[in-house]
Amino acid sequence: MFIQTVRGRIDSKELGICAAHEHLSIDLSRIKKDPDTILDDEEGAIEEVKAFAKSGGEAIIEVTNDGMGRDAERLKRISEAADVHIVACTGFYKDPFIPSFAQGWEAERFAEHFIKEAEEGIEGTSIYPGIIGEVGTSKNEMKPVEKELLTGAAKAGLVTGLPVTTHTTLGTLGKKQMMLFDKLGLPPEQIIIGHQDLNPDDEEVLEVLKTGTYIGFDTIGKTNYRPDSDRMASLIKFVEAGCEDQILLSADLTRKSHWKKYNGPGYGLVLDYFIPEFKKKGADDTLIHKLLVKNPARAFSINK
């Protein structure tokens, strides 16, 4: 089994401690109209990733796609300078972030585009995506273009073997996303349903987990959406339910104000703050290793 990084393929066992859903180069300002949502400082990103490595981090799954400010060559330079594995993606985000040229596409067209990047490289480069994502749905709504997008992502996943990682706005529609993927025949072990730590309905998240898929517990530290104490309680509940093999951790940094450079917590947030608190709640090293190392190594392996 292998994982495709921006510097080439690696054995899955080489991935190491992994942040499963992050952004290093992003620009959401076209829609959000906020310069804080622009991360285009390459030297700054290198220092931030070096700080992540100092906290123990070894790999980052970077899910910024076309329409969100993706820059694959920049990611490769960051990876080389910081000596951290970085996995880039193919995909589109959700309405209204889908690029104008793709707004009217149907599923087959989305699939063709993602397959082409997976087979030929991202935007004419020799850098290949290791994941399809983050493809998403709106809050409590799967818009027609989003249904076509997710369908296209699933079809491309079936052809390429790339894992598919999703965005669920405020944790909503995870179950509906899984129902769509299941209908299309995408194996659950090839899917990561994102942002499920934002869904306060533990029973609904457990229904998603019962399908056998992975979930992203990946907005840790975003306490404006949900207190980390509540996230912790849900995580403990899911572990006690026997789902510890299906959970991935991350912080989903998207703003300058999230960086250490601007007095934010940085990409080591999970390692520096959340994991120590989790240990105080009784999590042992075996469980921590599973969440940070073993689960990502499986989830991001290419199923081909």
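These numbers come from the heavy atoms of this one structure, side chains and all, not from hydrogens, waters or symmetry mates. Everything quoted here is computed from the prediction, not taken from an experiment.
Clustering ILVMFWY residues whenever any of their side-chain heavy atoms sit less than 4.5 angstrom apart, transitively, puts Val164 in a cluster other than the one holding Ile192. Cluster membership for Val84 and Val270, using ILVMFWY side-chain heavy atoms within less than 4.5 angstrom, is shared. Under the 4.5 Å side-chain heavy-atom criterion for Ile, Leu, Val, Met, Phe, Trp and Tyr, Leu291 and Leu15 are members of distinct hydrophobic clusters. Under the 4.5 Å side-chain contact rule for hydrophobic residues, Ile26 and Val63 do not share a cluster. A single hydrophobic cluster is seen to contain both Leu253 and Tyr262, as judged by linkage of ILVMFWY side chains at heavy-atom distances under 4.5 Å, directly or through other members.
Taking the six-membered ring for Trp and the full ring otherwise, His258 and Tyr267 have centroids separated by 6.0 Å or more. Annotation: His195 is in aromatic contact with His21 [ring centroid separation under 6.0 Å].
Between the side chains of Thr166 and Gln177, at least one donor-acceptor pair of N or O atoms lies under 3.5 Å. With hydrogens and angles left out, the side-chain atoms of Thr219 and Asp252 include no donor and acceptor closer than 3.5 Å. Defined by atom type and a distance below 3.5 Å, a donor-acceptor pair is missing between the side-chain atoms of Asp228 and Thr223. Under 3.5 Å, the side chains of Asp71 and Ser25 contain no donor-acceptor pair of N or O atoms. Using modelled atom types and a 3.5 Å distance limit, the side chains of Thr168 and Gln196 yield a donor-acceptor pair. In this structure, a donor-acceptor pair under 3.5 Å is present between the side chains of Arg226 and Ser234. No hydrogens or angles considered: a donor-acceptor pair under 3.5 Å links the side chains of His23 and Glu134. Inspection of the Asn295 and Gln246 side chains reveals no N or O donor paired with an N or O acceptor under 3.5 Å.
Taking the charged nitrogens against the carboxylate oxygens, Arg77 and Glu42 do have a contact shorter than 4.0 Å, which makes a salt bridge. Using a cutoff of 4.0 Å between basic side-chain nitrogens and carboxylate oxygens, Glu203 and Lys237 are scored as salt-bridged. The residues Arg231 and Glu277 are annotated as not salt-bridged, no charged nitrogen and carboxylate oxygen being separated by less than 4.0 angstrom. With respect to Asp285 and Lys279, a salt bridge is recorded, a charged nitrogen being found less than 4.0 Å from a carboxylate O. In this structure, Asp182 does not pair ionically with Lys175, as no charged nitrogen and carboxylate oxygen lie closer than 4.0 Å. Classification of Lys260 and Glu48 as a salt-bridged pair fails, no side-chain N sitting under 4.0 Å from a carboxylate O. A salt bridge links Arg255 and Asp34; the closest N-O separation between the charged side-chain nitrogens and carboxylate oxygens is under 4.0 Å. Salt-bridge check for Lys210 with Glu207: failed, with every basic side-chain N at 4.0 Å or more from each acidic carboxylate O.
When all heavy atoms are compared, the tightest approach of Leu149 to Gly136 is CD2-N, 4.3 Å. The two atoms that bring Arg30 and Gly67 nearest to each other are NH2-O, 4.1 Å, heavy atoms only. Nearest heavy-atom pair across Gly174 and Val208 is C-CG2, 3.9 Å. Contact detail for Glu244 and Leu287: the closest heavy-atom pair is CB-CD1, 3.8 Å. Considering every non-hydrogen atom in both Gln4 and Pro129, the closest pair reads CG-O, 3.6 Å. Closest non-hydrogen pair, Phe92 versus Asn65, comes out as C-ND2, 3.2 Å.
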**OP:** Under the side-chain contact (heavy atoms from CB on, under 4.5 Å) rule, what do Lys176 and Leu180 come out as? Steps first, then yes or no, please.
**Re:** CA-CA 6 Å; Lys176 189 169 184 177; Leu180 176 63; over 6 Å; no
**OP:** Decide side-chain contact (heavy atoms from CB on, under 4.5 Å) for Leu28 and Phe97; before the verdict, give the C-alpha distance in whole Å, the side-chain angles of both, and the deciding distance to 0.1 Å.
**Re:** CA-CA 8 Å; Leu28 303 179; Phe97 294 91; 3.9 Å; yes
Original post:
For Glu148 and Trp105, what are the C-alpha separation, side-chain angles and deciding distance, and is it a side-chain contact (heavy atoms from CB on, under 4.5 Å)?
Top reply: CA-CA 8 Å; Glu148 296 296 320; Trp105 286 5; over 6 Å; no
Original post:
How far apart are the C-alpha atoms of Lys50 and Asp83, what are their side-chain angles, what is the distance that settles it, and do they pass the salt bridge (Lys or Arg N to Asp or Glu O under 4.0 Å) test?
Top reply: CA-CA 8 Å; Lys50 284 182 176 178; Asp83 195 24; over 6 Å; no
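Side-chain atoms of Ile131 and Leu162, non-hydrogen and from C-beta on, never get closer than 4.5 Å to each other. For the pair Phe181/Leu150, a side-chain contact is recorded, criterion being any heavy-atom separation below 4.5 Å from C-beta on. The shortest distance between side-chain heavy atoms of Tyr214 and Arg298 falls below 4.5 Å. Between Phe238 and Leu206, some side-chain heavy-atom pair lies under the 4.5 Å cut-off. With contacts defined as side-chain heavy-atom distances shorter than 4.5 Å, the pair Ile220/Tyr273 does not qualify. Looking at Met178 and Ile191, their side chains come closer than 4.5 Å, going by heavy atoms from C-beta outward. You'll find the side chain of Ile61 stays beyond 4.5 Å of the side chain of Thr165, heavy atoms only. Side-chain contact between Phe52 and Leu271 is present, with at least one heavy-atom pair separated by less than 4.5 Å.
Around the CE atom of Met1, the shell of radius 6.0 Å holds more than 12 heavy atoms that belong to other residues, nucleotides or ligands. Taking a 6.0 Å sphere around NZ of Lys143, one finds it holds more than 12 heavy atoms contributed by other residues, nucleotides or ligands. Around atom NZ of Lys222, more than 12 heavy atoms belonging to other residues, nucleotides or ligands sit under 6.0 Å away. For Lys290, the NZ atom counts as densely surrounded, since its 6.0 Å shell holds more than 12 non-hydrogen atoms of other residues, nucleotides or ligands. Atom CD of Glu106 sits in a sparse spot, with 12 or fewer heavy atoms from other residues, nucleotides or ligands closer than 6.0 Å. Summarising the local packing, CZ of Arg9 is surrounded by 12 or fewer heavy atoms from other residues, nucleotides or ligands at distances under 6.0 Å.
Without hydrogens or angle criteria, Thr125 side chain to Gly121 main chain gives no donor-acceptor distance under 3.5 Å. The closest donor-acceptor contact from the side chain of His167 to the backbone of Gly133 lies at 3.5 Å or more, if one exists at all. Here the side chain of Asn199 pairs no donor or acceptor atom with the backbone of Thr172 at under 3.5 angstrom. Panel note: side chain Asp95, backbone Val145; no donor-acceptor pair is recorded below 3.5 Å. In terms of modelled atom types and a separation under 3.5 Å, the side chain of Thr213 and the main chain of Pro188 share a donor-acceptor contact. Under a 3.5 Å cut-off, the side chain of Glu62 and the backbone N or O of Cys89 do not form any donor-acceptor pair. In this structure a side-chain-to-backbone donor-acceptor pair under 3.5 Å is present from Lys256 to Pro35. Using modelled atom types, no side-chain atom of Ser79 and backbone atom of Leu75 make a donor-acceptor pair closer than 3.5 Å. Using a distance-only test at 3.5 Å, with no hydrogens or angles considered, no donor-acceptor pair links the side chain of Asp218 to the main chain of Leu249. A donor-acceptor pair under 3.5 Å links the side-chain atoms of Thr169 to the main chain of Thr137, judged by distance alone.
Interatomic distance, Asp66 CG to Ile122 CD1, rounded to the nearest 0.5 Å: 10.0 Å.
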